[in-house]
There are 2 protein chains.
Amino acid sequence: MRACQEEVTVWLLEPGNGEETLGTIDRAATISEVAALAGVSPGTASKALNGRGALRPETRRRVQEAAEQLGFVANAAARSLQAGRTYTVGMITTDSIGRFSIPLLIGAEDALGAGQVSVFLCDARDDPIREQYYLRTLLGRQVDGIIVTGRRTQARPPIGVGLPVPVVYAFISSTDPDDCSVVPDEQDGARRAVEHLLAIGRRRIAHVTGPEHHHSATVRADAALRTLSAAGLEPAANVLFGEWSEAWGRQAAGILLSTGAEVDAVFCGSDQIARGLAEALQEAGRVVPRDVALVGFDNWDVMVDGSRPALTSIDMDLEGIGRTAAELLLAAINGNPEHGRRALPGRLIPRASTAVNPF
Amino acid sequence: MRACQEEVTVWLLEPGNGEETLGTIDRAATISEVAALAGVSPGTASKALNGRGALRPETRRRVQEAAEQLGFVANAAARSLQAGRTYTVGMITTDSIGRFSIPLLIGAEDALGAGQVSVFLCDARDDPIREQYYLRTLLGRQVDGIIVTGRRTQARPPIGVGLPVPVVYAFISSTDPDDCSVVPDEQDGARRAVEHLLAIGRRRIAHVTGPEHHHSATVRADAALRTLSAAGLEPAANVLFGEWSEAWGRQAAGILLSTGAEVDAVFCGSDQIARGLAEALQEAGRVVPRDVALVGFDNWDVMVDGSRPALTSIDMDLEGIGRTAAELLLAAINGNPEHGRRALPGRLIPRASTAVNPF
DNA sequence: AGCGTCAGGGCAATCGTTTTCCTTCCGTTG
DNA sequence: CAACGGAAGGAAAACGATTGCCCTGACGCT
């Protein structure tokens with residue numbers, strides 16, 4: 001282990017001293033070779049390296065040194081075979097890998113990597129055939145568990161029933177309430193957005209969002225309306241459903257302006273929509289946030305920072321969702337399965353588009 | 001059991017025919033169980049399922065049926081152990097997984113998945129320690145090969161020397177010319193951009209790009225200048241190095257306008273820069289593309305489509321790079337290693353920002 | 001001195017597949 | 001009719017790590 005650290009350093013800082021880098025591993029050494037070098041039996045070597053059995057400290061050390069010298073790394077296949085565990089999980093993204101999957105993936109990979117578990121990545125691309133193919137592949141590889149993710153939060157049918165390994169859904173959820181799902185709390189997010197606008201004194205608040213058939217759009221819209229009415233307010237305009245794009249945001253700005261509704265804030269269903277709205281409003285002479293304050297959703301860096309002014313937005317903490325899903329999966333693998341949907345709160349990231357004092 | 005099967009099928013394909021779905025796998029069957037059910041020995045069953053050995057067709061069929069009935073999927077660990085191959089490759093992204101890694105990943109996963117090879121994903125996050133940790137992990141898992149990617153195209157020191165498995169670098173390249181690298185041909189991309197601007201009749205062309213210490217920035221800038229001078233032209237202004245952001249694009253627009261240089265086109269080092277430039281130019285009263293044509297780089301959908309007008313851009317075909325890298329890796333695994341850098345050409349995607357007739 | 005105990009470590013089975021021999025049984029041929 | 005050859009399939013040895021069991025000394029106690 002010490003040597004390991006030093007090796008890294010050698011590679012990193014001083015090219016030229018290649019003595020003990022990983023480069024010395026050119027054909028995997030077996031534990032028998034290590035044992036032979038240390039003058040013990042393979043079984044003993046195994047115990048020495050895994051801290052099991054009753055061994056003299058000196059023997060243990062000798063084996064460890066031999067292992068290091070040979071650059072020994074235990075053959076995972078052999079170990080899995082005998083342990084019945086692979087320290088491996090599969091991650092299936094049902095839609096394609098994209099903007100939403102990545103933070104999930106990073107979070108999951110983070111939590112799993114810390115537990116010495118590797119991740120098989122599978123991209124099912126919205127194709128049920130591919131999905132089942134990957135499921136089968138993963139099961140053949142004896143993964144210890146599976147994380148299922150997707151780009152929509154809507155509940156989906158379970159990927160399989162009676163599977164031999166635990167499954168956790170991240171971001172999307174399973175329609176089976178007995179399955180374990182970790183999702184963002186979108187209602188809470190919408191509530192925070194509206195409350196923030198209320199807190200800075202806005203009262204004529206509109207909502208522009210994605211397609212009405214999109215689960216996230218309706219959930220967020222409902223929560224927004226509820227929050228408004230809890231404050232004794234009506235929305236400043238009907239909810240505008242459209243698509244998740246800047247173009248729609250621009251178009252929606254036109255609609256809002258043309259209806260003559262006196263709007264002093266818009267909560268947008270996505271940062272892209274908010275950005276489009278911001279542009280169009282300002283082209284029409286409205287000042288953001290003085291005349292109209294804006295809150296987006298997703299906290300997507302390139303959108304919130306690229307927009308002028310920078311966008312206040314709701315961060316769903318996707319990385320946290322990925323991490324939590326991974327942790328729940330590990331727990332399930334260790335025999336402590338959890339059931340049901342768990343909704344993680346997001347947080348509001350305030351920026352200039354709702355700054356009370358815009359200077 | 002039956003009920004389970006039907007549920008899966010109902011969801012998946014054809015309600016009613018639940019015979020052979022994955023639902024039946026609830027505790028992995030071994031080949032011995034299959035063999036017993038088919039009334040043969042395990043060895044024979046193996047031959048039957050893998051199309052090897054000399055077996056009566058009828059026997060083969062019997063075994064296959066037994067396998068299906070039990071939902072048999074060969075234990076990959078056992079198979080790897082004996083074959084010495086795992087049909088698994090590792091993919092290490094040296095910087096974080098991000099906008100550039102994803103298409104690479106998708107491309108690679110595509111090519112590998114088709115070959116029944118699974119991918120271990122590792123995110124080294126620009127941390128050499130993590131990198132070496134993952135390398136070690138992958139080697140312990142006996143991956144058949146490794147793909148190394150990153151978010152910068154600059155050459156990097158090899159991830160290891162004398163490794164027991166082949167390595168292919170994708171997007172980034174290795175400083176060791178003997179290693180196999182697949183990279184975008186950025187010079188070619190820059191050339192295409194400038195030639196496109198020349199083709200639509202622009203002669204006073206400027207170049208705004210990222211940091212001077214960034215490899216991509218200098219490579220593209222050099223190629224752009226060479227292309228101009230090959231056409232007998234000088235750049236309309238000194239190359240403006242800055243950062244890869246919209247903010248810099250806006251700032252650069254100010255610089256170009258204030259120097260009074262008569263610029264009729266700008267080739268930008270990234271779509272973000274181009275977008276910032278487009279905004280600022282138009283706020284200053286210039287019309288894109290009539291007064292100033294713009295070409296970006298990366299063909300990043302949200303930027304090229306979100307910008308107004310939509311941006312002409314250079315697409316580096318990252319997915320193709322990922323796919324090619326994976327194919328080369330598979331070839332190397334099969335004993336046909338390739339060496340050296342292979343630069344893949346990109347293509348120019350024309351959009352409104354360079355439309356000859358902007359209506 | 002004799003017995004019990006325990007530390008230290010070797011042996012061998014085990015995980016599930018594949019593969020290399022073998023064996024057996026027929027059919028064909030000299 | 002004996003011998004040979006090929007087809008069909010079984011037996012068992014790998015692959016590499018782990019682990020329970022057993023063996024061997026050495027030590028201590030009576």
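Just so you know, these numbers use all the heavy atoms, side chains as well, and skip hydrogens, waters and symmetry mates. A note on names: the letters A, B, ... follow the listed sequences, proteins ahead of strands, and every chain is numbered from 1. No experiment lies behind these values; they were computed from the predicted model shown.
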- Between D:dT18 (P) and A:L55 (CG): distance, integer Å: 13 Å
- Message: Check this one for me: any side-chain N or O of B:R52 less than 4.0 Å away from OP1 or OP2 of C:dT19?
- Response: yes
- Could you please name the option among D:dG16, D:dG9, C:dT18 that lies closest to any side-chain atom of A:A78? D:dG16
- Query: What integer distance in Å separates A:Q142:CD from C:dT17:C1'?
  - Reply: 12 Å
- Are OP1 or OP2 of D:dA8 and a side-chain N or O of B:R56 less than 4.0 angstrom apart? no
- Task: Between A:A83 and A:K47, name the one whose nearest nucleotide on DNA chain C is closer to the 5' end.
- Result: A:K47
- Message: Taking any heavy-atom pair under 4.0 Å as a contact, classify A:S46: base, sugar-phosphate, or nothing.
- Response: base
- Message: Please report the interatomic distance CD1(A:I321) to CZ(A:R342), rounded to the nearest 0.5 Å.
- Response: 11.5 Å
- Quickly work out the B:Y87 OH to C:dT18 C1' distance and round it to whole Å. 12 Å
- Item | Nearest-Å distance for atom pair CG/P, residues B:N75 and C:dT17 | 6 Å
- Output the distance between atom OH (A:Y134) and atom OG1 (A:T93), rounded to the nearest 0.5 Å. 8.5 Å
- Message: Less than 4.0 angstrom between a side-chain N/O of A:N50 and OP1 or OP2 of D:dT18, yes or no?
- Response: yes
- Among D:dA17, D:dG10, C:dT18, which is the nearest nucleotide to the side chain of A:R79? D:dA17
- Expressed in angstrom and rounded to an integer, what is the separation of B:Q82 atom CD from C:dT18 atom P? 7 Å
- Let me know the distance between CZ of A:F72 and P of D:dT18, rounded to the nearest Å. 7 Å
- Query: Would you say A:T44 reaches C:dG8's phosphate, i.e. side-chain N/O to OP1/OP2 under 4.0 Å?
  - Reply: no
- Item | Minimum-distance nucleotide to B:L81 side chain [options: D:dC15, D:dG20, D:dA17] | D:dC15
- Is the backbone N or O of A:T149 less than 3.5 Å from a side-chain atom of A:T94, with the two atoms forming a donor-acceptor pair by type? yes
- To the nearest angstrom, how far is B:E58 atom CD from D:dG9 atom C1'? 13 Å
- Task: Using a heavy-atom cut-off of under 4.0 Å over every strand shown, decide if A:T59 touches base, sugar-phosphate, or nothing.
- Result: sugar-phosphate
- Remember a base hit wins even if backbone is also touched, and classify B:A54 as base, sugar-phosphate or nothing at under 4.0 Å, heavy atoms. base
- Query: Does a side-chain heavy-atom distance below 4.5 Å link A:V117 with A:L329?
  - Reply: no
- Query: Between D:dG9 atom P and B:L49 atom CG, what is the distance in whole Å?
  - Reply: 14 Å
- Query: Is the shortest distance from a Lys or Arg side-chain nitrogen in B:E58 or B:R62 to a carboxylate oxygen in the other one below 4.0 Å?
  - Reply: yes
